[in-house]
Amino acid sequence: MKLADKGAIVVGGAGSIGQALVASLREKDVRVAVLDKNPESEPVTADAGILYVRTDAADDAEAGAAIATASQWLGKIDVLINCAGLIHSEPLISMVTPSRRRHSVASWETVIRSNLTATFLASLHVAEHMAANRIKGVIVNLSSVSAAGNPGQTAYSAAKAGVEAMTAVWARELGPLGIRVVAIAPGFVDTHSTHAALSEEALKEWKRRTPLGRLGTAQEIASTVLFVLENDFISGCTIRVDGGLVI
Amino acid sequence: MQESGAWDSLTHMQLIAAIEGDFDIELSADEIVQMTSVAQIKSILRKKAVEVQ
Ligand SMILES: NC(=O)c1ccc[n+]([C@@H]2O[C@H](COP(=O)([O-])OP(=O)(O)OC[C@H]3O[C@@H](n4cnc5c(N)ncnc54)[C@H](O)[C@@H]3O)[C@@H](O)[C@H]2O)c1
């Protein structure tokens with residue numbers, strides 16, 4: 001896909017990776033509608049090529065309305081990037097902290113909503129728009145190496161494994177319409193979210209286990225998204241960007 | 001075609017992709033939705049100046 005003058009929606013575009021992604025898309029002259037639920041993280045921008053829509057993408061009615069607003073502003077949606085998420089660590093059962101013996105059901109639901117339901121709903125509305133207008137668009141889903149089953153991350157791993165499964169399903173269902181669907185699975189990236197979810201000690205250990213010996217950068221994830229958008233024969237796969245780390 | 005048990009949305013889309021590829025045409029979303037029988041497929045293709053028997 002040639003990117004200049006295309007219209008993209010970035011769900012979760014106010015987050016760490018999202019912001020790097022929006023900047024990279026703007027450099028390629030892509031107009032970007034950012035859908036994010038966090039009013040605090042609304043980027044202060046004078047860039048007329050960015051529209052900010054506050055929405056909870058995990059709510060069907062809100063997601064539908066936000067995507068309609070974005071599509072009206074963009075003219076048409078060529079690209080959807082599902083970058084909303086919530087990194088969360090919690091063991092299934094804890095033998096050491098009696099007060100938090102069992103994985104909370106509330107946190108399970110919150111994590112599934114942010115990572116899995118938001119991706120499902122945004123893709124549902126955008127796929128409908130692309131099919132109805134015969135747009136040969138691209139959907140990129142942010143997964144994680146945790147999809148392989150990272151101990152201590154039941155809900156997050158399950159949600160990301162679900163994201164990868166949906167990617168494979170949609171690539172097959174939407175491929176005949178010329179729509180591509182790809183997942184990107186970052187390893188540990190140097191972002192606020194990573195530092196909030198993991199202790200510095202745990203991060204040191206992950207760096208040690210990463211063959212390249214460091215965390216990734218948000219820019220390295222953004223450049224992978226651009227590569228996926230520009231290469232018209234990639235679909236249905238998950239691309240790992242993880243410094244060689246095996247979970 | 002809609003009555004056929006094996007017929008489903010995915011197979012329908014694969015047929016549409018094959019028709020578009022073989023005849024080098026692009027169908028609109030409305031035309032795709034209408035293509036639910038062989039007769040309707042033929043009628044739509046004729047409207048697009050594709051020769052069908
Ligand atoms: N940072 C990492 O190390 C890392 C590693 C692997 C995968 N990922 C994935 O990459 C994506 C982006 O991560 P990040 O580090 O930028 O996280 P982040 O927390 O900085 O950004 C996530 C954004 O998503 C938004 N969001 C969450 N739920 C939403 C909802 N229901 N509706 C609308 N917006 C919602 C948040 O407000 C936030 O702005 C996530 O899917 C994350 O799981 C990140």
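Values in this document were obtained by computation on a predicted structure and should not be read as measured data.
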*So with a 6.0 Å cut-off around NZ of Lys42(B), is the heavy-atom count from everything else above 12?*
no

_chain A contact via Leu27(B) - which portion, at a heavy-atom distance below 4.5 Å_ = both

*Would you name the heavy atoms of Leu10(B) and Arg172(A) that are closest together and state the gap between them?*
CD1-O, 3.5 Å

*Would you indicate whether Glu26(B), at its atom CD, is surrounded by more than 12 heavy atoms from other residues, nucleotides or ligands within a distance under 6.0 Å?*
yes

_Minimum heavy-atom distance Ala131(A)-Ala29(B), with the two atoms named_ = O-CB, 3.5 Å

*What are the two closest heavy atoms between Pro176(A) and Met13(B), and how far apart are they?*
CB-O, 3.4 Å

*Looking only at heavy atoms, which of residues 16-23 of chain B get nearer than 4.5 Å to chain A?*
Ala17(B), Glu20(B)

